[in-house]
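Down below is the structure, laid out as structure tokens.
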Amino acid sequence: MHPAIYEALILGLMGSSGVGAGLLLGIRQAIPLAIVALGVTAVLRVWTAFAVWSVGLPAWNFEVWLVASALLLLLGTAIHWRQWRAGLASLGIFAGLSVASLSTKYLLDIGERHHSDISKVLGVALVVVQGDLDDLSQAAGSYKRGIAYPLMLALGPEGRILGGFTPIVFLMTLLLAAWLARQFLPSAVSNRILWLVAIGIGTFSVTVPIFRAAMFYLNGHTLMGFGVLLLVGGLLLARQERHFGPLPASFVLLGGVIGVTARIEGVVMVLVVIAALVGQQFWSQSVERVRLFAVLSLTGLSLTWWISSLDSPVVDRIGLPENGLQLLVVLSIAGAALAAVPWVDPARRFILPAIAVVLAFLLGREVWQSGDPVSLILAQWPNLGLGAGGWGTAAHVFVASAVLLGLRRRSSDYRLLLALSALLIGAILYSKTFDGGFGREGFYDSVNRMWLHVMPTILLTALIGYAEVVKNAFGAKGKTSLSSRGADKMVSPN
């Protein structure tokens, strides 16, 4: 079978089973269903792999994923067949992005962007996972590069990676950012304005080398960015509706699990967004608290399951005690329960500021204890300020945009996104301190590439901020406030 046909079949199963799962989760709109479909298939892949590894049957990793995917497809179709219009529309979106992704590989012949670091990712994907090895030590030792991305690459034809996966993650991330921007912009901001802003940002982005490479970059950074944006989107959707419904809960669950399994440093970033979610003030219904507990506990337990199923040395690496795994299980469940109980409600508004203070303190302590504080602070200046990291003028434009757009006349969604972007940047720097320092000069520095984790969130921030400015500059019919929500959105959230 030609590799392109094989990949098309795999992507087709991913889309159809993911849509089935989305219907089971209570999602009824086409665009969110397509987005959730990609997230579901990644989460299902890691959970089924952890299951077979835990029982000592690594050779069954593909077959178990295949059966689980088929079951989700059958259950979703059988139970929610009346939602066939939304299902077909979402499958059409997923199929269109799949065709575009495969075309980049098999028609346009665009090669992957890689470096020496990727050899370990490919080794796990093609040798350990696809090769059904009983010895999982190579996968266990590659915890820094995550496990979700190699597992997805291993779904490719025998001896080959799933080449269309990274491009479809990139394209789905763009779709997610655009859809979220439409949800959080007021009705006075027309789709024409949003398109104008998107084209402007897109035109600038193609001048940034690392943005051009991200769609084909063989590493978990693009997947991590998708997971973080899912988390942020779930937070903002819940905040907008003041209700932790099926769609926000699905986004947070999928983004959380992807975040803690795509890259090990993703744990810190996931904690930042979860802190922002837990700090919201709308937890009035018992069902919302149960959803929050389930989402947070499953996210934490997924990290523990990964470490346990591979007997990963990460427990020793971060200095946890001998019973570190049991401690992580307890913390995952107890922490989720604590976040959901009503008696925490009076203190919720202090949670995110407290996280910001703690993060600032930890970063400040790292600088203070450094032998050369100035060099540490300026470690990323060559990459971001002088272009050595492939970022061109992106950092300059980001800072200039934050100053230009300001805060006073911006919506609360924009202000929260800007704050989250800053906290996520701090989380990236803090996660790097476990390896020492804030990185070094050069494209292949890990911190330099980790900035990709927060780029989708910054993209969403820019879309909303500039669309608000353009609307104010050129005017619009009506006097809708920035906090209002109109009925002319592309799709209303659950």
Side-chain angles (χ1 to χ4, degrees), residues 24-27 39 43 47 227-228 230-261 266-308 318 320-321 323-362 412-413 416-417 419-420 423-424 426-427 430 493-494:
L24 292 172
L25 289 170
I27 301 167
V43 170
W47 281 352
V228 171
L230 278 173
L231 274 167
V232 171
L235 159 65
L236 291 177
L237 287 171
R239 181 174 176 268
Q240 180 190 73
E241 297 297 311
R242 300 194 64 78
H243 176 63
F244 197 50
L247 182 56
S250 298
F251 273 18
V252 174
L253 173 61
L254 299 175
V257 175
I258 290 172
V260 299
T261 58
V267 175
V268 184
M269 304 183 74
V270 169
L271 286 174
V272 166
V273 185
I274 284 178
L277 174 66
V278 174
Q280 299 302 307
Q281 302 290 308
F282 52 73
W283 305 103
S284 58
Q285 301 180 18
S286 297
V287 66
E288 292 179 310
R289 298 182 188 275
V290 171
R291 283 194 186 118
L292 180 64
F293 169 75
V295 165
L296 299 190
S297 58
L298 285 172
T299 298
L301 291 173
S302 295
L303 172 64
T304 308
W305 201 5
W306 168 24
I307 297 171
S308 173
I318 61 178
L320 288 178
N323 60 344
L325 280 177
Q326 294 88 334
L327 180 62
L328 286 176
V329 171
V330 171
L331 287 175
S332 297
I333 298 175
L338 180 63
V341 295
W343 58 266
V344 177
D345 291 352
R348 290 190 186 276
R349 60 194 179 103
F350 301 110
I351 293 177
L352 187 59
I355 291 293
V357 171
V358 170
L359 188 57
F361 169 77
L362 292 172
S412 61
D413 289 330
L416 177 58
L417 279 168
L420 284 174
L423 287 174
L424 290 171
Y430 175 68
N494 283 26

If every non-hydrogen atom of Val272 is compared with every non-hydrogen atom of Ala427, which pair is closest and at what distance? CG2-CB, 4.1 Å

Quick check: do Ser332 and Thr304 have side-chain heavy atoms less than 4.5 Å from each other? yes

Student check: side-chain heavy atoms of Leu230 and Val252 closer than 4.5 Å: no

Would you mind reporting whether Leu352 and Val273 have side-chain heavy atoms less than 4.5 Å apart? no

Are side-chain heavy atoms of Arg348 and Trp283 found at a separation under 4.5 Å? yes

Heavy-atom pair of closest approach, residues Pro248 and Gly234: CB-O, 3.5 Å

With a 4.5 Å cut-off on side-chain heavy atoms, are Leu292 and Leu277 touching? yes

Can you check side-chain contact (heavy atoms from CB on, under 4.5 Å) on Val232 and Phe251, steps first, answer last? CA-CA 8 Å; Val232 171; Phe251 273 18; over 6 Å; no

Spacing of Leu231 atom CG and Thr299 atom OG1 [to the nearest 0.5 Å]: 7.5 Å

Under 4.5 Å between any side-chain heavy atoms of Val295 and Phe244, yes or no? yes

Between the main-chain N or O of Ala249 and the side-chain N or O of Arg291, is there a donor-acceptor pair closer than 3.5 Å? no

Nearest heavy-atom approach of Tyr430 to Val268 is CD2-CG1, 4.2 Å

So the ring-ring contact (aromatic ring centres under 6.0 Å, His included) pairs with at least one residue in residues 323-356 (sequence neighbours excluded) are none

Heavy-atom nearest pair, Leu296 first then Ala339, reads CD1-CB, 3.7 Å

Looking only at non-hydrogen atoms, find the nearest pair between Ala276 and Leu420 and report the distance. CB-CD2, 3.9 Å

Using side-chain heavy atoms (C-beta onward) and a distance below 4.5 Å, is Phe361 in contact with Val358? no

Minimum heavy-atom distance Arg289-Asp345, with the two atoms named: NH2-OD2, 2.7 Å

Given the rule in the side-chain hydrogen bond (donor to acceptor under 3.5 Å, both in side chains) test, do Ser284 and Arg242 qualify, once you have shown the distances and angles that lead to the verdict? CA-CA 9 Å; Ser284 58; Arg242 300 194 64 78; over 6 Å; no

Rounded to the nearest 0.5 Å, what separates atom CG in Leu237 from atom CG in Leu247? 5.5 Å

Side chain to side chain, Leu236 and Leu417, heavy atoms closer than 4.5 Å: yes

